[in-house]
Asks: 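Pasting in a structure now, in structure tokens, and then I'll have a few things to ask.
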Number of protein chains: 2
Amino acid sequence: MNFQHRKRLIVQTVDERGSIEVSELAALLQTSEMTVRRDLVQLAASGLLYRTRGGAMKVSLATDTHRFANKIAVNPERKDYICQLAANEIQEGDVIFMDCGSTVFRLCQFIRNKRITVVTNSLPIVAELMSSEVTINLVGGEVDKERQAVHGLIAEEHMARYRANRAFVGIDGISLQHGLSANSEKEASTTLAIARQSDKVYLLCDSSKLETNKYLYFAPLSLFNVLITDNEAPSEVVAAYRDAGVTLIN
Amino acid sequence: MNFQHRKRLIVQTVDERGSIEVSELAALLQTSEMTVRRDLVQLAASGLLYRTRGGAMKVSLATDTHRFANKIAVNPERKDYICQLAANEIQEGDVIFMDCGSTVFRLCQFIRNKRITVVTNSLPIVAELMSSEVTINLVGGEVDKERQAVHGLIAEEHMARYRANRAFVGIDGISLQHGLSANSEKEASTTLAIARQSDKVYLLCDSSKLETNKYLYFAPLSLFNVLITDNEAPSEVVAAYRDAGVTLIN
DNA sequence: TTTGTTTTGTTCAAAAATAAACAAACTCAA
DNA sequence: TTGAGTTTGTTTATTTTTGAACAAAACAAA
């Protein structure tokens, strides 16, 4: 029973069962738990399974990337700080795009009394701005109930009909090395569609997301014009972004 | 049972049930309440659920403080009667248009569990069907805040892209002499656009509106195929409509 | 307000899992 | 066969996770 043989069996078993414990694998492979752990470290490093304490799991079960939708509750004070900066950029008469990110949602409170037009695919944003001075243009198409937003082909065609001064979009991950990344194709696609139709794209991104990567890389840093983040961003990271030519406000 | 397992089960259970208590989760996961609390802290931090005192709830439920509310209906029991009749006409797999009338809104409760597609310009209907089996297609365009609906040129273009089996539309006034009438051009125009794209048009109209006229006449009786009204309609009026060739259900 | 109940966070000790260190066994050429 | 290099198993130390106990905080009812 060599490593190759064990490796095959481990991956196969994990795929079949979804998850398994180190002790079970040791019994199954007639080997010690230490050896199993060493194998698991290698397999996890090459991405064939997800290492958990006490065992391993199928990657697909552990990551559930599609779920990270409504992050309203996370880091609200940072997000409000960012949105205040973003609101300062907006002028009367502007036509702006707002996407369905949780950070972007919090921009609503700062623009309630501005005479501007907002084009958005986010239903919470529409609800929030319903009693405001803002003229709302809602993107049509099939409703994604999980994200409470409209995505897809028809939505993108709809957006293609409008031209905006500015766009405010959220992002799941951003890194100097790989650019922008997202947890879902839908959101990535919508972000691209919005960027195409806007003169100036502002990326709203709280500092916890700087230098993180999500599963789908979808655009280089050049997609946006201005990165707005909070004042808790590490100064060396901020400096690195500025050195890379990014216009960063914080 | 490690953290990854518990996490999956907790998120799944919360999503299914809407909310749950710490003690229930402890029993379900065969672990202590302390552990459940620690798990909930982590899950709430990553935005997968909303922490409440004594348990947790779905994020979307917690953030839906801003709901679209339909005006309190007049004659609710008549309208529900009509909608029950209307719902009987709908079959699995149908694609249906629903407009933004208050009568049509009450149809939602009867179609929650049907596997159909609803195309609508009404925001209260979208909100109501958000947690249902129904696939929703939202009509895009400029939002009419007063009516909580989308009207106008872009909206009509959007609707022109879809073809539906059935359409359920409300009406402000109807008379044998003058046909259909409305209180606003916007709604009249939308009704016409919907009728163009539908195989069969059902007019939902409580009996208090029969033989009334509003300021804008916009279509003859031939616009619709079936008139659904309630059982309080005077029998001579019903007879007159049937004599005039109208298919009437009540 | 005060009182009593429930829920929560913190601290601590026990248990489990892991990593590190080292010895034994095995591989494979020369 | 020898011996360098690798893999494996065992022991030990370290880290992580867990549950219990208890104090603090939040809530509800007088």
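We name chains A, B, ... by the order of the sequence lines, and we start the count at 1 in each one.
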Asks: Check whether any side-chain nitrogen or oxygen of B:S32 sits under 4.0 Å from OP1 or OP2 of D:dA20, and answer yes or no.
Replies: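 The answer is no; no side-chain N or O of B:S32 sits under 4.0 Å from OP1 or OP2.
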
Asks: Give the rounded distance in Å between these two atoms: CZ of A:R6 and C1' of D:dT6.
Replies: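 After rounding, the reported distance stands at 12 Å.
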
Asks: Scan the side chains in residues 23-30 of chain B for donor-acceptor partners under 3.5 Å anywhere in the protein, sequence neighbours excluded, and list what turns up.
Replies:
residue: B:E24; atom: OE1; partner: B:E21; partner atom: N; Å: 3.3
residue: B:E24; atom: OE2; partner: B:R17; partner atom: NH2; Å: 2.8

Asks: Five pairs at each end of the helix from C:dT1-D:dA30 to C:dA30-D:dT1: take the axis at both ends and give me the angle between them to 10°.
Replies: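 Here the helix ends are tilted 30° relative to one another.
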
Asks: Tell me, for nucleotides 8-21 of chain C in 5' to 3' order, what letter each nucleotide earns: B for a base near a protein heavy atom under 4.0 Å, S for only sugar-phosphate near one, - for neither?
Replies: B-B------BBBB-

Asks: Taking atom P of C:dT7 as reference, at what distance in whole Å does atom CG of B:L40 sit?
Replies: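 After rounding, the reported distance stands at 13 Å.
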
Asks: By the salt bridge (charged side-chain N to carboxylate O under 4.0 Å, His left out) test, which pairs, at least two apart or in different chains, include something from residues 229-250 of chain A?
Replies: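 Only A:R78-A:E232 qualify under salt bridge (charged side-chain N to carboxylate O under 4.0 Å, His left out).
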
Asks: State which residues pass ring pair (Phe, Tyr, Trp, His ring centres under 6.0 Å) with A:F168; sequence neighbours excluded, sorted by chain then number.
Replies: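 For A:F168, the residues satisfying ring pair (Phe, Tyr, Trp, His ring centres under 6.0 Å) (neighbours in sequence not counted) are A:Y202.
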
Asks: Figure out the CG/C1' separation between A:D39 and D:dT6, and round it to whole Å.
Replies: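 Between C1' of D:dT6 and CG of A:D39: 14 Å.
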
Asks: Taking only residues two or more places apart in sequence, or in another chain, which ones meet B:F110 in a ring pair (Phe, Tyr, Trp, His ring centres under 6.0 Å)?
Replies: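 By the ring pair (Phe, Tyr, Trp, His ring centres under 6.0 Å) rule, B:F110 matches no residue at all.
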
Asks: If you look only at pairs with a residue in residues 83-93 of chain A, which of them pass as a salt bridge (charged side-chain N to carboxylate O under 4.0 Å, His left out), with sequence neighbours excluded?
Replies: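 Qualifying pairs: A:E92-A:R115.
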
Asks: Do A:D94 and A:T117 have side-chain heavy atoms sitting under 4.5 Å apart?
Replies: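 Answer no - side chains too far apart.
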
Asks: Could you state the atom-to-atom distance from NZ of A:K7 to P of D:dT8 in whole Å?
Replies: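 Answer to the nearest Å: 13 Å.
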
Asks: Return the value, rounded to whole Å, for the distance between atom NE2 of B:H5 and atom C1' of D:dT18.
Replies: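 Rounded to the whole Å, the gap is 17 Å.
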
Asks: Please collect all salt bridge (charged side-chain N to carboxylate O under 4.0 Å, His left out) contacts where either partner lies in residues 36-57 of chain A, sequence neighbours excluded, each pair once.
Replies: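 Sorted result for residues 36-57 of chain A: A:R6-A:D39, A:E33-A:R37.
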
Asks: Checking A:R196 now: which residues fulfil salt bridge (charged side-chain N to carboxylate O under 4.0 Å, His left out) with it, not counting sequence neighbours?
Replies: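 Once residues adjacent in sequence are excluded, A:R196 has no partner under the salt bridge (charged side-chain N to carboxylate O under 4.0 Å, His left out) criterion.
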
